[in-house]
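Here is the structure we will look at, set down as structure tokens.
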Amino acid sequence: MYKGKLKQILLITDGYSNHGEDPLAVASLAKEYGITVNVIGILDEKSKSGDGLKEIEDIAIAGGGISQIVYSKQLSQTVQMVTRKAMTQTIQGFVNKELKQILGSSNSIESLPPSKREEVYEVVEDIGETVSLEVIILVDTSASMKDKLETVKESLFDLQISLNSRTGDNAFSLFIFPGKHNDVDKILDWTPKLEKLNTIFPKLTMGGLTPTGPALREALNYFNDQSYSRGKYDGDDEQSIEWAD
């Protein structure tokens, strides 16, 4: 039996950060707090490349997460894939850490005999189905995202449906950047369901700069306010997963 939480930030954008602090520095800080940063970059159908593609990859690397460049029509499948793949990657990292403590520093999942490796992967899959998951979604609402917002909404609905098949608890919170009067606005507090997006998204004002760094900072602060209200953090338990009898 396993208990604990996985914490992710899911950044969805089509542009290069051009306002506020360095998003790579904030993503790196999030990783230190055991929060994985995943990034999905959306291209226009006619685009072959775009500004910020390297930044998208670099933010995910700094945040210990996964990056993916995608065309709008492929977004739904990509959002689900990135979220689940990041969960598995995080859990495997935790299990590898446990194995090294038990078997020695040179041991990892990949170094095990095939039969034992299969058993460990089954454990990883079991944790992925039962562990609680908290995802803060950051959606770029700069002017170039206007025609993509409906696709983003449908993709988030599909993500919710996909994750609802798990036995573990899911919680989502959603922020947009830039906000109406600030760099970042929270438009949805923690919830297991995203139906409110139907009424929220049509009211969003598109335009402005792309403050990716401040958006990541706001998400990190929100996790800290909710989960670490006493101002303490145990850095040895990065993923907040615990073994239980």
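Across every non-hydrogen atom of Phe172 and Pro192, the tightest pair is CE1-O, 3.6 Å. Closest approach of Ser67 and Ile56 over heavy atoms only: CB-O, 3.8 Å. The two residues Leu194 and Leu156 have their closest heavy-atom pair at CD1-O, 3.3 Å. When all heavy atoms are compared, the tightest approach of Pro23 to Leu216 is O-CD1, 3.5 Å. In this structure, Ser162 and Ser165 approach most closely via the heavy-atom pair O-OG, 2.7 Å. Counting all heavy atoms, side chain and backbone alike, Pro178 lies closest to Ser142 at CD-N, 3.9 Å.
Remark: Glu134 CD to Ile9 CD1 distance equals 11.5 Å, nearest 0.5 Å. A distance of 7.5 Å separates NZ of Lys85 from CD of Gln68, quoted to the nearest 0.5 Å. Within the model, atoms CD1 of Ile66 and CD of Glu57 stand 12.5 Å from one another, a figure rounded to the nearest 0.5 Å. A distance of 5.5 Å separates CG in Leu163 from CZ in Arg84, rounded to the nearest 0.5 Å. Between the CG atom of Leu6 and the CD atom of Gln89 there is a distance of 11.5 Å, given to the nearest 0.5 Å. The CD1 atom of Ile176 lies 13.0 Å from the CD1 atom of Ile137; values are rounded to the nearest 0.5 Å.
Of the possible donor and acceptor atoms, none in the side chain of Asp185 sits under 3.5 Å from a partner among the backbone N and O of Ile187. At distances below 3.5 Å, not a single donor-acceptor pair connects side-chain atoms of Thr210 with backbone N or O atoms of Thr212. Side-chain N or O atoms of Thr78 include one that pairs as donor or acceptor with a backbone N or O of Gln74 at under 3.5 Å.
Inter-residue side-chain proximity for Asn198 and Phe157 is flagged as met; some heavy-atom pair is nearer than 4.5 Å. Side-chain contact between Lys7 and Leu133 is absent, with no heavy-atom pair separated by less than 4.5 Å. Side-chain contact between Asp183 and Phe177 is absent, with no heavy-atom pair separated by less than 4.5 Å. Here the side chains of Leu188 and Lys196 are in contact, with some heavy-atom distance below 4.5 Å. Using a 4.5 Å heavy-atom threshold, the side chains of Leu138 and Leu10 count as separate. With a 4.5 Å cut-off on side-chain heavy atoms, Lys186 and Glu218 do not count as touching. Leu11 is not listed as a side-chain neighbour of Ile40, based on a closest heavy-atom distance of 4.5 Å or more. In this structure the side chain of Thr141 never reaches within 4.5 angstrom of the side chain of Lys146, judged on heavy atoms.
There is no path of hydrophobic side-chain contacts, each under 4.5 Å, that joins Val184 to Leu209. Cluster annotation: Ile61 and Ile59 are assigned to distinct hydrophobic clusters (Ile/Leu/Val/Met/Phe/Trp/Tyr, side-chain heavy-atom contacts under 4.5 Å, transitive). Tyr71 is connected to Ile69 through a chain of hydrophobic side-chain contacts under 4.5 Å among Ile, Leu, Val, Met, Phe, Trp and Tyr, so both are in one cluster.
Glu150 and Lys153 are joined by a salt bridge, as a carboxylate oxygen and a charged side-chain nitrogen come within less than 4.0 angstrom of each other. Remark: Lys148 engages Asp14 in a salt bridge, criterion side-chain N to carboxylate O under 4.0 Å.
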One pair to check against side chain to side chain contact (heavy atoms under 4.5 Å, CB included): Asp158 and Gln80. What are the steps and the verdict? CA-CA 8 Å; Asp158 288 344; Gln80 297 176 52; 3.5 Å; yes

Under the criterion side chain to side chain contact (heavy atoms under 4.5 Å, CB included), I'd like the reasoning laid out for Leu149 against Val139: C-alpha separation, chi angles, the key distance, then a yes or no. CA-CA 9 Å; Leu149 205 58; Val139 177; 3.9 Å; yes

Working for side chain to side chain contact (heavy atoms under 4.5 Å, CB included), residues Leu29 and Glu32: CA-CA 5 Å; Leu29 182 60; Glu32 291 183 19; 4.0 Å; yes

For side chain to side chain contact (heavy atoms under 4.5 Å, CB included), just list the numbers for Met145 and Ile42, CA-CA rounded to whole Å, side-chain angles, deciding distance to a tenth of an Å, and then say yes or no. CA-CA 9 Å; Met145 283 287 290; Ile42 310 175; 4.0 Å; yes

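Between the side chains of Asn38 and Gln8, at least one donor N or O lies within less than 3.5 Å of an accepting N or O. Between the side chains of Arg166 and Asn170, at least one donor N or O sits under 3.5 Å from an acceptor N or O.
Residue-environment remark: CD (Glu154) exceeds the threshold of 12 foreign heavy atoms within 6.0 Å.
In this pair, Trp190 and Phe223 present their aromatic rings tilted. The plane angle is within the 30 to 60° band.
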